[in-house]
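Contents: one structure, followed by commentary.
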Amino acid sequence: MLFFLLIACNKDPVEETGLPAICSDGNQWAPGEQAFAEGTADWGLETLAPSGVRVSAVDFDGDGWADLAVRNNMGGGTDEAPQHWLMRNNQQGAFEDVSESSGVRGLSQGGATWVFGDVDNDGDLDLFIGVDNTSVSGANSQILLNNGDGTFAAGPSGDIALSGDRPYGAAFADVDMDGNLDLFVAQYGSAQDRLYQGDGTGSFTDKTSASGLTTQAWSSISVLNEGEAHSNAWAAAACDLNNDGLPELLASSYGRAPNHLWLNSGAAGSPRFANQSVASGYAYDERMDWSDNQSAMCWCELHPTDPNCEGVPGPTLIACSTDADAFRWDHTYDMEAFRLGGNSGGTTCGDVDNDGNVDLLTSEIVHWDVGASSDPSELLMNTGDPQVVFERPGRDAMGITRAYDIPDWNEGDITGGMLDFDGDGFLDVWIGSSDYAGTRGLLYHNAGDRTFQAVPVDQGIDHMRSHGSTVADFDHDGDLDMVVGHSRSRCDDDCYETGVVRLFINQSADMNSVSLRLEGADASNAAAIGARVEIETASTTQTRFVDGGHGQWGQQDDLTVFAGLGQDCTASVTVTWPNADRTQQTVELGAGYRYSLTQGGELQVLE
């Protein structure tokens, strides 16, 4: 299908297809231009009323159109108040509720963590559902296999069904490059995160210890400071951070605990990881001065002879209390490195500066009274070091800032994302802030020089308490749309009447773009999860990859690779397939088309 009703420019035909590029002057957002408009009612979502705080865009039925999976916390719900939905894109500008007919709702067992991947390599997307069985009695995490006809069935039982399981994050990745998807599950509650090796049938075997991922219980401050204790994970991610073809594993930790980064050094069929959490700069930032923490100030005012209290000023924003329980400060260990990190909601991988190295966006909860030591949501820029090392330029330097109109502000950033919403060839940033008074989703435009500009709410996405998001070209018009979830936690007067997810349709005009749907073969997983895609135009080279899920409770964007081409009309696209040989394939694409490519096969134009 052609994306736009535009006249093809006089460009040379694209070699593989013989079709000329459908070209415009290109697009780049500027203040005053409308980026998105709400399409919730038009697409039937208000009537269908899927209410949730986690959303994923996946083509579960294989028709080439992104569908929508919605979840609302842990718990199975009731017939009158369901908690989980699967919404099929009907290709005509609306969604259909297939939660029951697909079998997903009946099989979900109250699991809120969902990630999709083709675990049996049969050409359709299967589903991992992670269940917190400390909260949902009698249920376990499981694999649902796609029957290929829009329905799912329970897959093989295996090691992923654990007692005391709290899988707050999950990601599919082929960590050992054997052609079968593996599963990384991050655990909340200071428990052992787990790696499960897939065999290509839907069965998985626990390879946590054998692969070197073992961590220790929370019993030693030094172990905690070094990021060697169990994570307190709220989210998982998997992406290749040093360009060697092997995906690293990440766990975002809540509760001022270190984030975990595992450097992949394995070989085909034999995963092996080393803990690079602190050395990479991902565990926590270098801001360790706790003396502006209001509770710490109070403590030192009341206990001036305690260690390190000399010279600490008195609090300026709160009144001190003699009741120790009133303090959000423990002078025994709150000065330690592991307690001076962040409350991490999730991590998104993407190359925001087009240097070929995957950067990270962290989403963090920060409260007004804790001071500068609490890690904020920010971009971690990949230095290209083979051992994986990040720099933190800081939000002020990069323009990812916000203003507060109340003194007791809270940043409830639990989810986030990256997308090129204006098609200029650079990934923009979305931060989903939720759960606290005055919070809303924040969209930042990438200026292309490692700086960003906030998109005003009335020109971008107007959504309060944004808890969960996903992006896809839902309407096949050649740009990325977004669905956003809504949290009604701690509601006062700034929540919507319901928690129905809302759809925002991209309004960008004159965009040059391409979309490429990949299918792995020849020892690559069929969904091509982990494939690296380099899009080279006359102006720039972008790097994208196929994501196997990330974020709290599983956040997932459409597996189709989207690339804005800016003012250019053609691109040379090199796919590095996710197999042990890192097989490469280069195709020439023209703007204005949707393409598919099977590994080793011919480029196809999709209708």
Side-chain angles (χ1 to χ4, degrees), residues 40-120 122-133 135-157 161 167 170 202 468 470 472 474 483 485-486 488 498-503 549 553-556 558:
T40 307
D42 291 343
W43 280 67
L45 290 174
E46 284 188 358
T47 302
L48 297 172
S51 176
V53 294
R54 290 297 175 274
V55 285
S56 302
V58 287
D59 179 14
F60 81 91
D61 57 358
D63 64 356
W65 294 70
D67 308 303
L68 194 62
V70 180
R71 292 91 67 202
N72 192 22
N73 296 329
M74 302 292 183
T78 64
D79 291 341
E80 294 75 24
Q83 296 291 302
H84 306 131
W85 291 262
L86 191 61
M87 318 297 294
R88 181 180 177 273
N89 188 333
N90 72 358
Q91 307 181 22
Q92 299 176 11
F95 289 105
E96 301 171 353
D97 188 348
V98 294
S99 309
E100 295 288 352
S101 61
S102 66
V104 167
R105 181 172 289 162
L107 293 167
S108 67
Q109 298 190 76
T113 300
W114 290 20
V115 288
F116 290 80
D118 189 352
V119 300
D120 53 4
D122 65 351
D124 48 44
L125 293 178
D126 310 301
L127 172 60
F128 166 73
I129 294 182
V131 179
D132 180 350
N133 57 25
S135 300
V136 183
S137 178
N140 287 303
S141 300
Q142 62 176 329
I143 294 288
L144 301 185
L145 294 180
N146 194 323
N147 294 318
D149 59 359
T151 67
F152 291 81
S157 60
T470 191
F474 289 106
V483 175
H486 176 57
R488 291 180 50 79
T498 70
V500 171
V501 299
R502 299 170 71 189
L503 170 65
W553 298 340
Q555 182 174 322
Q556 200 164 14
D558 188 10

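Because the structure is predicted, anything quoted here is derived from the model rather than measured.
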Could you report the tightest heavy-atom contact between Ser141 and Gly130, atom names first, then the distance?
OG-CA, 3.4 Å

Work out which heavy atom in Val115 is nearest to a heavy atom in Ala170; give both atom names and the distance.
CG1-O, 3.3 Å

What's the spacing between [X] [atom1] and [Y] [atom2] if we round to 0.5 Å?
{"X": "Phe60", "Y": "Leu127", "atom1": "CZ", "atom2": "CG", "result": "11.0 Å"}
{"X": "Arg88", "Y": "Glu96", "atom1": "CZ", "atom2": "CD", "result": "5.5 Å"}
{"X": "Phe95", "Y": "Leu86", "atom1": "CZ", "atom2": "CG", "result": "10.5 Å"}
{"X": "Gln556", "Y": "Ser56", "atom1": "CD", "atom2": "OG", "result": "5.5 Å"}
{"X": "Phe116", "Y": "Asp124", "atom1": "CZ", "atom2": "CG", "result": "11.5 Å"}

Backbone N/O of [Y] and side chain of [X]: donor-acceptor pair under 3.5 Å:
{"X": "Thr40", "Y": "Leu503", "answer": "yes"}
{"X": "Asp59", "Y": "Gly62", "answer": "yes"}
{"X": "Asp120", "Y": "Gly202", "answer": "no"}
{"X": "Ser102", "Y": "Thr151", "answer": "no"}
{"X": "Arg71", "Y": "Gly554", "answer": "yes"}
{"X": "Asn147", "Y": "Asp149", "answer": "no"}

A side-chain contact here means heavy atoms from C-beta on lying under 4.5 Å apart; do [X] and [Y] qualify?
{"X": "Asn140", "Y": "Gln142", "value": "no"}
{"X": "Asn146", "Y": "Leu144", "value": "no"}
{"X": "Thr470", "Y": "Leu68", "value": "yes"}
{"X": "Asp67", "Y": "Asp61", "value": "yes"}

Can a donor-acceptor pair be found between the side chains of Thr113 and Arg54 at a distance below 3.5 Å?
no

By ring-ring contact (aromatic ring centres under 6.0 Å, His included), Trp114 pairs with (sequence neighbours left out) His84

Show which side-chain atoms of residues 42-52 pair as donor or acceptor with protein atoms under 3.5 Å away, not counting sequence neighbours.
residue, atom, partner, partner atom, Å
Ser51, OG, Gly499, O, 3.3

Please identify each residue that fulfils salt bridge (Lys or Arg N to Asp or Glu O under 4.0 Å) with Asp97, with sequence neighbours left out.
none

For Ser108, run the side chain to side chain contact (heavy atoms under 4.5 Å, CB included) check against Ile129, Val136, Val131 and tell me which one passes.
Ile129

Give the intermediate values and the outcome of side-chain contact (heavy atoms from CB on, under 4.5 Å) for residues Asp126 and Leu145.
CA-CA 5 Å; Asp126 310 301; Leu145 294 180; 3.9 Å; yes

